[in-house]
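Here is the structure we will look at, set down as structure tokens.
So that the names make sense, note that chain A is the first sequence line, chain B the second, and so on, each numbered from 1. Fair warning: this is a prediction, and the values are worked out from it, not measured in the lab.
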Amino acid sequence: MDKLILVTRPRYDDGTEYLSAYAGEVLKKTEKDFLVKDFEGKDAIKENVEKYLKRKNPKLLFLNGHGNEEKIYGNKDEIIFSLENVDLIRDKIIYARACLSANILGREAVRKSSGCFIGYIFPFSFWIDDKRSTTPLKDKIARMFLNPSNEIISELLKGHSAKEADEKSREMMISNMRRLLSMEQKNEPGATGMLQILWGNYEGQVVLGDENALFN
Amino acid sequence: MTNENEKTSEDVKELVIQRLGVMPSNYKLSIGSKGTFTKNQLINHVIADDKIGNQVVKMQMNFIKALTTGKLIETLNKNG
């Protein structure tokens, strides 16, 4: 039961298409060792997710999509998690790649709980190269932002703690920011704009609750 | 005082617009549920002083603060 992972990854606009594609990249590595329930696209709706949570009680949740302080959304901005059903995500390890949701929903999820919530207190943002928007995994610009966030799940799956996963992700962001800084010094167009956004993700990423929580 | 604040606000907008202006035209910024925007769309939002424009200004100011306080460099110097 401990090796179950629940994933939500709606895709109905540029932002969610990218998040879904990069989530898919991590999931490919999990197929052999973990049982993944992947609510993708139109399947990423509250009814499906709640039913699975109640029936199977997965320990790790990887949530991709839009969000705000109190909510995480699924397909076409349908609410999946809010303060109304936050009880369902207590005592779990959650990585929410969604804007702002660590501010209130995340804090509530770990209150009186042994769980952990990794997420963002700022909007999770990234630049994309429009020439690559139909093939997100070939977009080297977006990869600078999305690889470090994928690292969180990869590290959790390797058996590292939530704190270690966060640290590895930060190391990758620092490495990418150094690259961008060096590009900026060579006056490469766009480097400062990208650095600015990656800094926002770095500063906005938080680990709430039990930092020593382990999945594997 | 009010005039000074308004002037500062216009200066900040101008700075943000200048920085956005140098982004390659094929780049788009995804800002969560607010959407994905080209640099010209972002500039128009900043000029319009709307929610998206204000978000872009906020992100820029946060970065400038990290630069001027030395927090960014301190972070980048971590682990060598």
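- By the 30° and 60° cut-offs, the orientation of the rings of A:W199 relative to A:Y202 is parallel.
- At least one cation-pi condition fails for B:K65 and B:F63: the charged atom is not both under 6.0 angstrom from the six-membered ring centre and inside a 45 degree cone around its axis.
- Looking at heavy atoms from C-beta onward, B:T36 lies out of side-chain contact with B:I31 at the 4.5 angstrom threshold.
- With a 4.5 angstrom heavy-atom cutoff, A:L181 touches chain B only via side-chain atoms.
- Using a cut-off of 4.0 Å between Lys/Arg side-chain N and Asp/Glu carboxylate O, B:K78 and A:E171 are scored as not salt-bridged.
- Side-chain contact between A:L6 and A:K92: absent, with no pair of heavy atoms (C-beta onward) separated by less than 4.5 Å.
- Proximity of a side-chain donor or acceptor of A:Y18 to a complementary backbone N or O of A:D13 within less than 3.5 Å is not detected.
- Heavy atoms of A:F126 lying under 4.5 Å from chain B belong to its backbone as well as its side chain.
- Note: A:M177 leads A:M177, A:M173, A:R132 in heavy-atom pairs under 4.5 Å with chain B.
- For B:Q60, the parts lying under 4.5 angstrom from a heavy atom of chain A are both the backbone and the side chain.
- Heavy-atom pairs under 4.5 Å with chain A were tallied for B:T38, B:L20, B:L67, B:L29; the largest tally goes to B:L29.
- Residue A:L100 does not touch chain B at all, counting heavy-atom pairs closer than 4.5 Å.
- With a 4.5 angstrom heavy-atom cutoff, B:L72 touches chain A via backbone and side-chain atoms both.
- A salt bridge links A:R170 with A:D166; the closest basic N to acidic carboxylate O contact falls under 4.0 Å.
- Only the side chain of A:I141 comes within less than 4.5 Å of a heavy atom of chain B; its backbone N, CA, C and O stay farther away.
- Ranked by heavy-atom pairs under 4.5 Å with chain A, the first of B:K71, B:M23, B:K28 is B:K28.
- Side chain of A:R90 to backbone of A:E108: a donor-acceptor contact under 3.5 angstrom is found.
- Looking at A:F122, the atoms closer than 4.5 Å to chain B (heavy atoms on both sides) all sit in the side chain, from C-beta outward.
- Ranked by non-hydrogen atom pairs under 4.5 Å with chain B, the options A:S133, A:G200, A:C99, A:P123 are led by A:P123.
- Comparing A:D77, A:L195, A:N68, A:T192 by how many heavy-atom pairs each has under 4.5 Å with chain B, the most go to A:L195.
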